[in-house]
Amino acid sequence: MNSMDLRKIKKLIELVEESGISELEVRNGEETIRIVRPVASTEVVSRAGRAARSANEPAVARLGVAARGFVVRAPLTGTFYCAPAPGERPFVQIGDRVAVGDTLCIIESMKMMNQIEAERAGSIIEILCKDAVPVETGAPLFRIE
């Protein structure tokens, strides 16, 4: 590899490890480097379990809602934000009606702000994540009914 030196490759590996993403592919001309970090299924389950326990909600209450609605999941790993900026009104609150394409939240990943949009229309019946906390790919964010 002439144009991608070892320092750049090491930096990319560090970025993948720090960000928590599972895969990164970079192209530079005809050269391509792909870094894949395997995520064990037990690691994902363990993190999801900790997030559910940290919500300080009784398990019985969570089970009652779990059977209803469509779960919006995080499409990427990053930091969950419920509002466009600190101190501003959240994009959605429990009881709000949303249409397909409405912004529900932002997930910041690698200094990029990614707007997460509603995949289905309906009412927000549960917000499953706290503001400014890290989320993994696939983590439940909202429940829409």
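Here, residue 1 is the first one in the sequence, and each next residue gets the next number.
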Check: Which distance, rounded to the nearest 0.5 Å, do you find between the CZ of F142 and the CZ of F80?
Finding: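 CZ of F80 is found 4.0 Å from CZ of F142.
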Checklist line | Distance, nearest 0.5 Å, that separates CG of D131 from SG of C82 | finding: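 Rounded to the nearest 0.5 Å, the CG-SG separation comes to 3.5 Å.
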Can you confirm whether [X] sits close enough to [Y] that some side-chain heavy atom of one is under 4.5 Å from a side-chain heavy atom of the other?
| X | Y | result |
| --- | --- | --- |
| T77 | S109 | no |
| I125 | I94 | no |
| E108 | Y81 | yes |
| I124 | V98 | yes |
| V92 | L104 | yes |

Which pairs would a plain distance check flag for residues 111-123, meaning a side-chain donor or acceptor within less than 3.5 Å of a matching protein atom at least two apart in sequence or in another chain?
unit_1	atom_1	unit_2	atom_2	d
N114	ND2	I107	O	3.0
N114	ND2	M112	O	3.2
Q115	OE1	T103	OG1	3.2
S123	OG	R97	NH1	3.0

Grab the two heavy atoms, one from [X] and one from [Y], that are nearest each other, plus how far apart they are.
| X | Y | value |
| --- | --- | --- |
| A83 | E88 | CB-O, 3.4 Å |
| C129 | V133 | SG-CG2, 3.4 Å |
| L128 | E126 | CD2-CD, 3.1 Å |

Margin query: What verdict does the side chain to side chain contact (heavy atoms under 4.5 Å, CB included) test give for F91 and D96, after you've listed the backbone C-alpha separation in whole Å, the side-chain angles of each residue and the deciding distance to 0.1 Å?
Written below: CA-CA 10 Å; F91 289 105; D96 287 354; over 6 Å; no
